[in-house]
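See structure below.
Keep in mind it's a predicted model, so treat the numbers as computed, not measured. In what follows, residues are counted from 1 in the order of the sequence shown.
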Amino acid sequence: EGAVKFWEMPQKPCLGVELEEGMHGPNYGYGADQLLIYLCDGSETDPEKGLSLVRYMKDVYQRGIAVGAVPEALGLRLPLTEGCFSFIEMSAFVQLAAYYLTEAIGRDVAKPIDHSVMNAYFTTHADTPR
């Protein structure tokens, strides 16, 4: 859901992956034009992997942040409740970050969006009377 918000609001391509898939990035995918957000609820068996990835992005590109049950030096430490609600708590950061990025690039989120071209595509495959 966080990746969708960054794609939807500032309209920037975004990808959300689980940690093991994300670890391929330093070799093949991460660069200066990307931001890494690591959400950590503290339940991982090896959170150091994710924190190491954040350190890499911070040190090399100044574009990495950890959120949740993380050291303050790497991002935003939150006092999370245990269990399934921790990701709801971290989602507030993602929502706000996407909004402020959208504002920073000058996109007016209050302006109506013309979806007519996209909506027309979804009706092109509908059965038409013959």
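Each of Val17 and Ile37 belongs to its own hydrophobic cluster when Ile, Leu, Val, Met, Phe, Trp and Tyr are linked at side-chain heavy-atom distances under 4.5 angstrom. There is no path of hydrophobic side-chain contacts, each under 4.5 Å, that joins Trp7 to Val109. In the hydrophobic cluster analysis, where Ile, Leu, Val, Met, Phe, Trp and Tyr join through side-chain heavy atoms closer than 4.5 angstrom, Val60 is grouped together with Met57.
Nearest heavy-atom pair, Leu35 versus Gly64, reported as atom, atom and distance to 0.1 Å: CD1-N, 4.2 Å. Annotation for Lys5 and Pro10: closest pair O-CD, 3.5 Å, computed over non-hydrogen atoms. Across Cys14 and Phe6, no two heavy atoms sit closer than the pair SG-CB, 3.6 Å. Counting all heavy atoms, side chain and backbone alike, Thr102 lies closest to Ala98 at OG1-O, 2.7 Å. Across Leu80 and Cys40, no two heavy atoms sit closer than the pair CD1-O, 3.8 Å. Of all non-hydrogen atoms in Val70 and Arg77, the two that sit nearest each other are O-NH1, 3.0 Å.
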For side-chain contact (heavy atoms from CB on, under 4.5 Å), just list the numbers for Leu76 and Met90, CA-CA rounded to whole Å, side-chain angles, deciding distance to a tenth of an Å, and then say yes or no. CA-CA 10 Å; Leu76 178 62; Met90 289 185 285; over 6 Å; no
Run the numbers on Val94 and Leu39 for side-chain contact (heavy atoms from CB on, under 4.5 Å), then give the verdict. CA-CA 9 Å; Val94 175; Leu39 302 177; 4.2 Å; yes
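A 4.5 Å side-chain heavy-atom check between Leu36 and Tyr56 finds every atom pair outside the cut-off. No side-chain heavy atom of Leu74 sits under 4.5 Å from any side-chain heavy atom of Tyr38.
With hydrogens and angles ignored, the 3.5 Å screen pairs no side-chain donor or acceptor of Gln95 with any backbone N or O of Ala92. Using modelled atom types, one side-chain atom of Tyr30 and one backbone atom of Gly22 make a donor-acceptor pair closer than 3.5 Å. Panel note: side chain Arg63, backbone Ala32; a donor-acceptor pair is recorded below 3.5 Å.
Taking CE of Met9 as the reference point, atom CD of Gln11 lies at 10.5 Å (rounded to 0.5 Å). With rounding to the nearest 0.5 Å, the separation of CZ in Phe93 from CD1 in Ile65 is 4.0 Å. Considering CD of Glu1 and CD1 of Ile88, their distance stands at 11.5 Å, rounded to 0.5 Å. In this structure, CG on Asp41 lies 11.5 Å from CG on Leu78, to the nearest 0.5 angstrom. Rounded to the nearest 0.5 angstrom, Ile113 CD1 and His115 NE2 are separated by 4.5 Å. The distance from the CD1 atom of Ile105 to the NZ atom of Lys12 is 4.5 Å, given to the nearest 0.5 Å.
For NZ of Lys58, the number of neighbouring non-hydrogen atoms (other residues, nucleotides, ligands) closer than 6.0 Å is greater than 12. More than 12 heavy-atom neighbours from other residues, nucleotides or ligands sit within 6.0 angstrom of CD on Gln62.
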